[in-house]
Structure formats: structure tokens, C-alpha cells
Amino acid sequence: MEPNKIVTDSNIEVKSLYTASDLPSSEILNEKSGEFPFTRGVQKDMYRGRLWTMRQYAGFSTAEESNKRYHYLLSQGVMGLSVAFDLPTQIGYDSDHSLAEGEVGKVGVAIDSIDDLGILFDGIKLEEVSTSMTINATAFILLSMYVAQAKRQGADLTKISGTIQNDILKEYAARGTYRFPPKPSMRIITDIFEWCANELPKWNTISISGYHIREAGSTAVQEIAFTLSNGKAYVKAALDKGLDINVFGKRLSFFFNAHNNLMEEIAKFRAARRMWAKIMKDLGATDPKAMMLRFHTQTGGSTLTAQQPHNNIARVTIQTLAAVLGGTQSLHTNSFDEALSLPTEESARIALRTQQIVAFESGVTETVDPLAGSYYIEALTQEIEAKANELINKIDAMGGSVSATEEGFIQDEIARSAYDYQRKIENNEKLIVGVNKFQVEEHNDTPVLKVDDSIREVQMQKLQTLRNNRNQEECDRLLKELKGKATGAENLMPVVLDAVESKCTLGEITGALVEVFGEYA
């Protein structure tokens, strides 16, 4: 790098001084919030009218243990729940499957059946809480279980609100919890769009996720370019199915990462909103609400350090400010101990209090888009948009996100960025406090939360009881019906809902579809 040259993590050069000559056109400066292209926010009054939803991502061990944590978080002021599922649940294996051994309840809660989901939300009225579920390949099954539980509670389904991540394309590119090949996976996603439009009108049917793309090592520019390209692919798949962009477009949501470069992250969020509005307009949307990019943010897990872990509280505070100043609709703040283990009750409370301090003490919520008009912020927003559009144009030339993923382009770009970032840390070009600068001799006594392997035995006993006490003939009939419908073009959601209500397990439903769709490798 040239002497005195400073660049962001996306390799955008930062000038030592910005002046009025760096501002983009006056048209951009005169934009209003709540109006196309939504650079300044999707709501007219932003947080003066309504704060973002404060969520805490939680789920571990059994449904019983996670339920206790949810009640605790709700008592501490959380506005919405965000459910973490264990890896077997995410991939579609019951806890008693041989491939589930060693993973049950470890990185999230184990859910094998409707009975588990009933325990998970015991004492929580689903009509009154918004629930986000981070799950993709098996999202349609968990959504069906959630709906079945809401029906058990006598809830009005038109009032049920929440989000399933349901973003399978980034799984192939960055994360790995896929099960079916891309084409049937896209079919399931559009089935969800169609079914929810009629049955669950307040539900966000997909959370198109840049979070995991960033966690895998992408830059901020790549995060929004790849995420919005995936979004285009989902929209086009829904249009090919004959769905109305002005209906399903309103239920699309996004999920972004917040890192430590405060200014770049704020500009990233503003640029993403403007880009998506233009993309949706070009794809045929005419209703402004179908052009709005509404997003959830999670602070950057990959930025947390095991060294001097209390420093992570400062990092999360910077990232929280980035999300809020960037106009997020929902936010999860990571706990300071997450580089070491699942968060303890105390660390989860500190993470929530970080949001509450920003909301109620910092003053940044008192006006819309408070950094708008900053020479630097506006120039950076423009630069990020231009660089992200260059990448999107490359992907379009390959035939779109599905083709670019199948060709390995997106994976290679992320891997290259991750390597470059790590090289800079090892060469001390990038300083990480407590890691390659300002180290101390450490004796880490931070309390950690561990999940015992005996959890699998508990889940296996529950499964045995379930199978002994259900109508097996009805389950067999429904699984056969599911396979029959999967060979055609009929919407799969109604039969999956019938199957979970009849106590077919997650693994049985996934397994039936694997017989028809095959398995992605």
C-alpha cells in the first residue's frame, strides 16, 4: 500500500478530508425518508415513531432449557425472539440419527417434532410475540410446526408475525446447511411465498442473508452485492411461478452483519436500501412497500475475540451504533463471551442492555438518518453502491446467482477476501486489539455455558415416546402423499402442515423429500 494511503476493508480509499465537492448529486441530498429509493430509511419518522425490534438470538440444549431463556429475555425487555437451532435440525436429521451424534443441542435447540416446538414456546402467546427463526433447508418444516403450535393456542393466523431465514443460496456459497439440490430448494421457497401470502399475511417469508457471507470472510461490498443478487434470484423464481411481485415483495426481508468500521457499515446499509429499491422497480414492482429493503442486523460474530473478551462489549457497541445509524428494523447484539461458548444469562443481559443504552441514552434515535449530508458518508454510500453494482453485473452476466454459485464464483471471491484479511492481521497491517496489539498475559476465568452430550439421550427418549403414541398409519399415508406431491408441481406446504400435526418428525419429512429430490453434495 502507498505511504499514508488508507482504505476500508472493501478496499475503498479514504481521503484525509472530504468537502462539498465530494457530495453526489443534489437529488440524493434532497431525498426524504419513507420514500423511494429509501436511502434515508423505510419509515417516515424512523425511530421517533417506533424503535427497532430488540432481539436476542437464543437456543441451546433442549426445548425446555431454551424456553426458560426465552422467558428470562422477555422479562428483561426483549421485543422479539430469535431462535437458534442445532445442526441436525437445520439439516433435517432427527436427534436419534447416526449423523446427529455429538451435535444435538450444541449450537442451538434440538427440535424433532411438533411436541418439541410446543415445549419451546410454552407459556408464550405467539399472537403477541414476533419470532425469527434462523433456519434454511428445513425452514418450511419449522414454519409448519410454528403454525401448528399457533393453531393449538387458538391464535388468529393473520396476526402471527415473524421471519424464517429460508435463504438457501447463501448456504451453498458460504455456510453449508443445505440438504436438497438448488432447483427443488428454490421450488420449496416459492411454495412458502405462495402459501404465506394466503394463510400468513404478516409473516416475512425469507430473510435474504448477507450475515453468513460476511462471517465467511467477504467484504462489506461483497456482502451486499451477493445478498442482493440472491434476492434477485428469489424474486425471479417467484415471478416465474406467476406470483405477484407487489404481494410477495412486501414480505421479503434481509439480514446483514455489522462490523467495526463504523462509517463503512453505515454507508453499506444506506447503499443496500437504495440498490434494492431500484432492483425491485426494474423487476416490475409498482407498490413502494414492495421496493423497501427492511432488514435485521446481527453484530459480527467473527469480530469477537477470545483474547481479552470484555473488549467485545466495546466492539458490539460500535456495531450497534452502525446498525442504528444505518436504519435497521431489528437487531441482535452478540454477547461478549461468544468467542468462548454459548452466551451465559449475564452476558446475554449485557448485550441487550447495550441496545437499550443506545436506544434510550445516546440521542441517535431522535432524528432520521442523522449522518445524512456528511461529506464522507454520502461519498462512501455512493462508492459502495457503484462497487456492489459492478459485482452484481458480473453475476448477471453469468446467468444470475444460482449459476454463479454453481460455477464457484461467489465462493472463490469470498475465500480470496477472507485470505487477504487474515494475511493483513498476520502482517500487522490490520490491528486487532488484544490479538496482534496490546496483548496481555491472560488467565481466562470467564464463565462458559456448556451443553452436555446427554441431551441426545433425552431427545431420543422423547422420539421413542412420540412414535409409540401416534397414529403410524396416518403418518405413513401423509409421507407417501408428500412424496407424490413432490414429483408434481403442487404446493407442498398444506401436506407438510398436516404431517407435522400428525406428529411426523422433521427427519421423516426431510427423508421423504430426499427420496424424490435427491441430496446436494
Side-chain angles (χ1 to χ4, degrees), residues 9 52-61 65-66 68-70 72-84 106-109 132 134 211-212 214-217 255-262 265 296-326 328 330-362 364 421 425 430-451:
D9 291 337
W52 64 92
T53 301
M54 297 182 194
R55 298 186 185 277
Q56 284 306 108
Y57 186 47
F60 59 94
S61 183
E65 288 303 309
S66 293
K68 289 176 190 172
R69 177 64 64 88
Y70 294 158
Y72 171 75
L73 289 170
L74 288 166
S75 76
Q76 294 299 307
V78 156
M79 302 169 181
L81 298 175
S82 192
V83 183
K106 289 293 174 71
V107 299
V109 62
S132 172
T134 303
Y211 184 84
H212 303 99
R214 192 67 178 279
E215 288 291 284
F255 175 24
F256 290 120
N257 208 312
H259 268 227
N260 290 331
N261 189 320
L262 181 68
E265 294 300 293
H296 170 72
T297 310
Q298 183 174 339
T299 56
S302 61
T303 69
L304 303 180
T305 65
Q307 300 92 329
Q308 301 177 41
H310 285 92
N311 293 344
N312 292 328
I313 297 173
R315 293 185 177 101
V316 169
T317 304
I318 291 168
Q319 294 162 13
T320 300
L321 279 167
V324 172
L325 290 167
T328 193
S330 168
L331 178 61
H332 162 80
T333 33
N334 287 332
S335 302
F336 72 83
D337 54 359
E338 287 188 50
L340 303 168
S341 72
L342 291 164
T344 62
E345 209 168 80
E346 181 191 19
S347 67
R349 184 175 66 248
I350 291 169
L352 174 61
R353 294 291 182 256
T354 303
Q355 292 197 52
Q356 291 165 335
I357 288 166
V358 169
F360 301 112
E361 297 185 28
S362 72
V364 298
Y421 187 82
I425 293 172
K430 178 83 180 171
L431 298 183
I432 309 294
V433 174
V435 176
N436 61 357
K437 187 79 170 173
F438 311 116
Q439 298 104 317
V440 295
E441 189 176 329
E442 294 187 65
H443 305 284
N444 203 324
D445 56 359
T446 304
V448 296
L449 177 66
K450 290 188 176 177
V451 176

Whether the side chain of Gln355 engages the backbone of Leu331 through a donor-acceptor N/O pair (distance < 3.5 Å, no angle test) should be reported. yes

With a 4.5 Å cut-off on side-chain heavy atoms, are Arg315 and Val433 touching? yes

Walk me through it: do Asn257 and Gln298 pass the test side-chain hydrogen bond (donor to acceptor under 3.5 Å, both in side chains)? CA-CA 5 Å; Asn257 208 312; Gln298 183 174 339; over 6 Å; no

Interatomic distance, Arg349 atom CZ to Leu73 atom CG [nearest 0.5 angstrom]: 10.5 Å

To the nearest 0.5 Å, how far apart are CG in Asp337 and OG1 in Thr344? 4.5 Å

List in chain and number order the residues that pass ring-ring contact (aromatic ring centres under 6.0 Å, His included) with Phe336, two or more places apart in sequence or in another chain; answer none if no residue qualifies. His310

Side-chain heavy-atom pair Thr297, Thr320 within 4.5 angstrom cut-off: no

Name all residues meeting the salt bridge (Lys or Arg N to Asp or Glu O under 4.0 Å) criterion together with Glu346; count only those two or more places apart in sequence or in a different chain, and write none if there are none. none

Is Tyr211 reaching over with its side chain to a backbone N or O of Thr299, donor-acceptor style, under 3.5 angstrom? yes

State, yes or no, whether a side-chain contact exists between Trp52 and Met54 at a heavy-atom distance under 4.5 Å. yes

Go through the structure and list residues passing side-chain hydrogen bond (donor to acceptor under 3.5 Å, both in side chains) with Ser330, not counting sequence neighbours. Arg55, His296

Taking only residues two or more places apart in sequence or in another chain, which ones pass side-chain hydrogen bond (donor to acceptor under 3.5 Å, both in side chains) with Arg69? none

Separation between CG of Leu321 and CD of Glu265, rounded to the nearest 0.5 Å: 12.5 Å

Under a 3.5 Å distance rule, please check whether Ser132 uses its side chain to pair with a backbone N or O of Ser82 as donor and acceptor. no

With distance as the sole test, does Asn312 use its side chain to make a donor-acceptor pair with the main-chain N or O of Thr305 at under 3.5 Å? yes

Are side-chain heavy atoms of Val83 and Tyr70 found at a separation under 4.5 Å? yes

Side chain to side chain contact (heavy atoms under 4.5 Å, CB included) partners for Gln308, two or more places apart: Asn311, Val440, Glu442

Test item: Gln307 side-chain N/O and Gln439 main-chain N/O as donor-acceptor pair under 3.5 Å: no

For Ile425, which residues count as a side chain to side chain contact (heavy atoms under 4.5 Å, CB included) partner, sequence neighbours excluded? Tyr421, Gln422, Lys430, Ile432, Asn436

Gap between atom CD1 of Ile357 and atom CD1 of Ile350 - 0.5 Å precision: 10.0 Å

Is a side-chain N or O of Glu215 found less than 3.5 angstrom from the main chain of Ser302, in a donor-acceptor match? yes

Measuring only between side-chain heavy atoms, which start at C-beta, is Leu304 closer than 4.5 Å to Val316? yes

